[in-house]
Amino acid sequence: MNRIRSLALLGAATLAAGGLTALATGSAHAADVNVARNGGFESGLADWTCSSGSGAVVSSPVYAGAGALKGTPAGQDNAQCSQTVTVKPNSTYTISEQVQGSYVYLGATGTGTQDVSTWTPGSGGGWQKLSTTFTTGPSTTRVTVWTHGWYGQPAYVVDDFSVFGPDGGGGTDPGPSVPGAPGGTAVSGQSANGLTLSWNAVSGATGYYVYQDGVRVKTVSGPPAQITGLAAATSYSFQVSAYNAAGEGPKSAAVTGTTTGGGNPNPNPSVPKHALTGYWQNFNNGATVQKISDVSSQYDIIAVSFADATTTPGAIAFNLDSAGLGGYTVAQFKADIAAKKAAGKSVILSIGGEKGTISVNDSASANNLANSAYALMQEYGFSGIDIDLENGLNPTYMTQALRSLSAKAGSSLVITMAPQTIDMQSTAGGYFKTALNIKDILTVVNMQYYNSGSMNGCDGKVYSQGSVDFLTALACIQLEGGLDPSQVGIGVPASPSGAGSGYVSPTIVNNALDCLARGTNCGSFKPSKTYPGLRGAMTWSTNWDAKAGSAWSNSVAPKVHGLP
C-alpha cells in the first residue's frame, strides 16, 4: 500500500534542507515510496529473517490481506524478525507497523546516524500502530529494520510493515495482481432453509463474493459461507470469486446445492419440564471413561465438554479425543448422539470450561461463534450449546451470537449456561445480563454451586457453600431477579472428586429442590414463595457420577423428574 506525503510536508522538508531556490524554480521532487519488501506477509516470510525459527505467517488475525507475522518469544530469544532495505544517504524514513500483543518493539539499526526504536506494552486487544523515524548518514545505503517481542511474553502479531522515504534504488513491492478463481467449491450442511458453501482459499485475496444463481448475495473474508433464508426442497447454483485491491477475479466453477424437504426428519427433542443435566468429559482425568452411549438414561441434557478455540476470534471447533477415550471413533460418537436424540435426550456442546479461551468481544467474533456453532450442530447432531466461560463474557456480543445462532437453528435450539456463583450475584453482571437478554430463547441456567466460597443470598445474608441454605438462597437471586423458574437449575459435583470444594450429598440437593419447589425440607433460609416450575439439577460430571456408582443420578434424577 503506497503512501504519498503531502506537498506541504515535502515543502517543509525541502526548506529545512536549504532548498528554497529549487522550490522557487519549480523543480520536481519524487514521492516517497515503501522500500520494505513483503510488509504484508502475503508471500510468507520472503525477504525476512527471524531468529531461531521464531516467526511464522498466520492467516488470523490479520490487519489487511491474507497473512500476518506471528513471533513467539522463547527462553532467551525475543523472536526478532528483520530485513535489510535499500535507502538514500542523508534522508529521512518513517518506519511503521500494525501490532497485536504485549511488549512489541520496532526499530532500525545501521542508519549511519542515530539508531532508533519504539515499543508498546499492548493495547488490551485489537490492532495498534507503532511508528518512528530515522535519518540515514552521508554514506548509508542499507539499513536493517526489525520488530520483536520480549522475553517471557506471549506471542505477538505484526502486519502492514512499511518503511517510507526516498527511493534508494532497491525497488519496491509490486502492486497486487487480480486473484485467480477459487477451487474446491462444495456444498455441505444442508437444512430446510440453509446450507454451507466452502472453497479453497486463494493466494493474495482479501475477500470473496458469493453468487447465488448468478446474483451476488454475500461478501465474506474467507470460507466457509453460511447461506440462509432459502426455500425448502429447492436447488440453487453457487459460484465464488476472490478480490483484492487490484479487483475481482474470475468466478469459480458452479456448484449446486439442494435444501432438504420442508419437514425436519430428525428434529431435536423437547427438553422435559424438569430436566437432569450432566457434563460428559471428552478427556480422561481419572473419572470413568464413557462413550455417549454409556451415559445413564436418567440424564435429559448431556453437555459435551468442551468445544475448542480456533485462531479465528470467537470461532469454535470440536475434536473428539479418540485416543484418550479408548478408540472412540467420530462415526460412533455421531451415531451415539443420534441414538440419544431418538430416545428424547438433548446432546449439546459446551463452550468454555476452566481452561476455555473463547472470547466474543465484537460483532465479528459474535458472528464467528454463531456460524461455527451452527456448523458443528449440523455436522455432529448437537441440539444446542452450553456457555461455560469462567473468565467473564461481554453481554452485548454474547447476546448477539446466541440470537444469531437461534435464527439459524430455530425454536428447538437448546441453550444452557453454567456461570460461577460470583457471576449471578447481581443482574448487573455480564452473565446475568446475557441470561435476561435471551430469556425468550434460554433453556436453563445451571449455576455452579461449588469452588465458590461464601456468597450473599437473596435475603442479604452470607451463606457458606456445602449447605442447603447456600443452594436455596443463591437460587432465589436468579428466581427473583427475572429468570423464569424453568430457567433455573442447581449445579453440583457428582462426587468429592468432581470439584475442589463445595460437594454436597444428593440428600442436600434433594432437600434444596424440595425447598424451592414445595417449601419443604428447607434449612434456616426459606423462600417467601415456592417455584414448582424449577427446571432441575446439573452435575459435573456423568463420568464422575459413573465412577461413584451412579449414586448421584440414582438419587437426584427421581427427585427432579418427580417435581410438581
Side-chain angles (χ1 to χ4, degrees), residues 270-271 273-275 277 301 303 314 346 348-352 356 358-363 365-367 369-370 373 383-449 452 455-460 463 470-491 512 516-517 527-538:
S270 297
V271 175
K273 178 181 178 181
H274 301 297
T277 301
I301 302 175
S346 298
I348 62 177
L349 179 60
S350 183
I351 299 170
I358 292 96
S359 180
V360 179
N361 291 317
D362 54 30
S363 290
S365 56
N367 289 332
L369 175 57
S383 296
I385 61 172
D386 168 67
I387 305 300
D388 184 20
L389 298 172
E390 299 188 3
N391 296 303
L393 52 76
N394 183 308
T396 299
Y397 295 111
M398 183 55 71
T399 297
Q400 178 184 324
L402 296 176
R403 289 208 170 275
S404 177
L405 178 59
S406 176
K408 298 173 186 294
S411 59
S412 62
L413 176 68
V414 176
I415 300 177
T416 70
M417 303 174 77
Q420 300 172 105
T421 54
I422 190 66
D423 297 320
M424 301 299 285
Q425 284 277 282
S426 167
T427 55
Y431 246 109
F432 215 142
K433 280 185 178 179
T434 303
L436 295 175
N437 287 347
I438 63 165
K439 185 176 176 180
D440 56 314
I441 59 173
L442 173 65
T443 305
V444 62
V445 176
N446 292 304
M447 190 173 74
Q448 303 175 46
Y449 293 79
S452 167
M455 287 287 160
N456 289 325
C458 66
D459 58 354
Y463 294 94
F470 187 76
L471 304 181
T472 55
L474 269 66
C476 174
I477 297 176
Q478 300 170 58
L479 293 162
E480 294 301 312
L483 291 181
D484 188 83
S486 67
Q487 295 172 320
V488 176
I490 296 175
L516 293 168
S528 59
K529 62 181 178 181
T530 59
Y531 309 93
L534 193 75
R535 179 68 77 175
M538 170 275 281

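This is a predicted model, so every value here is computed, not measured.
- Asp388 and Ser350 make their closest contact through CB-OG, 3.7 Å (heavy atoms, listed as atom of the first residue, atom of the second, distance).
- Nearest heavy-atom pair, Gly314 versus Ile358, reported as atom, atom and distance to 0.1 Å: O-CG2, 4.1 Å.
- Here Thr472 contributes atom OG1 and Ile490 contributes atom CD1; the two are 8.0 Å apart, rounded to the nearest 0.5 Å.
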* **Test log, rule side chain to side chain contact (heavy atoms under 4.5 Å, CB included), inputs Met398 and Leu389** => CA-CA 11 Å; Met398 183 55 71; Leu389 298 172; 3.7 Å; yes
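- Considering every non-hydrogen atom in both Gln478 and Phe432, the closest pair reads CA-CZ, 3.7 Å.
- Atom CG of Asn361 is separated from atom OH of Tyr397 by 9.0 Å, given to the nearest 0.5 angstrom.
- A heavy-atom distance below 4.5 Å is not found between the side chains of Val445 and Met538.
- Side-chain contact between Gln400 and Asn367 is present, with heavy atoms from C-beta onward closer than 4.5 Å.
- The two residues Pro395 and Lys433 make their nearest non-hydrogen contact at CB-CB, 3.8 Å.
- Of the possible donor and acceptor atoms, one in the side chain of Thr434 sits under 3.5 Å from a partner among the backbone N and O of Gly430.
- Closest approach of Ala370 and Ala401 over heavy atoms only: CB-O, 3.5 Å.
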* **Derivation of the side chain to side chain contact (heavy atoms under 4.5 Å, CB included) call for Leu442 and Leu483** => CA-CA 10 Å; Leu442 173 65; Leu483 291 181; 4.1 Å; yes
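- With rounding to the nearest 0.5 Å, the separation of CG in Leu474 from OH in Tyr463 is 9.5 Å.
- Judged by distance alone, the side chain of Arg403 and the main-chain N or O of Ile441 form no donor-acceptor pair under 3.5 Å.
- The CG atom of Leu413 sits 7.0 Å away from atom OG1 of Thr443, with the distance rounded to the nearest 0.5 Å.
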* To do: Could you walk me through whether Met424 and Ile477 pass the side chain to side chain contact (heavy atoms under 4.5 Å, CB included) test, one step at a time?
  => CA-CA 8 Å; Met424 301 299 285; Ile477 297 176; 5.9 Å; no
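- Distance CE/Met417 to CD1/Ile438: 5.5 Å, rounded to 0.5 Å.
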* Would Asn437 and Leu402 satisfy side chain to side chain contact (heavy atoms under 4.5 Å, CB included), going step by step from the backbone distance to the final call? -> CA-CA 10 Å; Asn437 287 347; Leu402 296 176; over 6 Å; no
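- Among all heavy-atom pairs drawn from Val444 and Gly489, the shortest one is CG2-N, 3.7 Å.
- The backbone N or O of Ala428 lies less than 3.5 Å from a partner atom in the side chain of Ser426, making a donor-acceptor pair.
- Leu369 is listed as a side-chain neighbour of Ile351, based on a closest heavy-atom distance under 4.5 Å.
- Gln425 contributes no side-chain N or O that, together with a main-chain N or O of Met455, makes up a donor-acceptor pair within less than 3.5 Å.
- Annotation: the span from Ile387 atom CD1 to Tyr431 atom OH amounts to 6.5 Å, rounded to 0.5 Å.
- Residues Lys529 and Leu479 form no side-chain contact, since every pair of their non-hydrogen atoms from C-beta on lies 4.5 Å or further apart.
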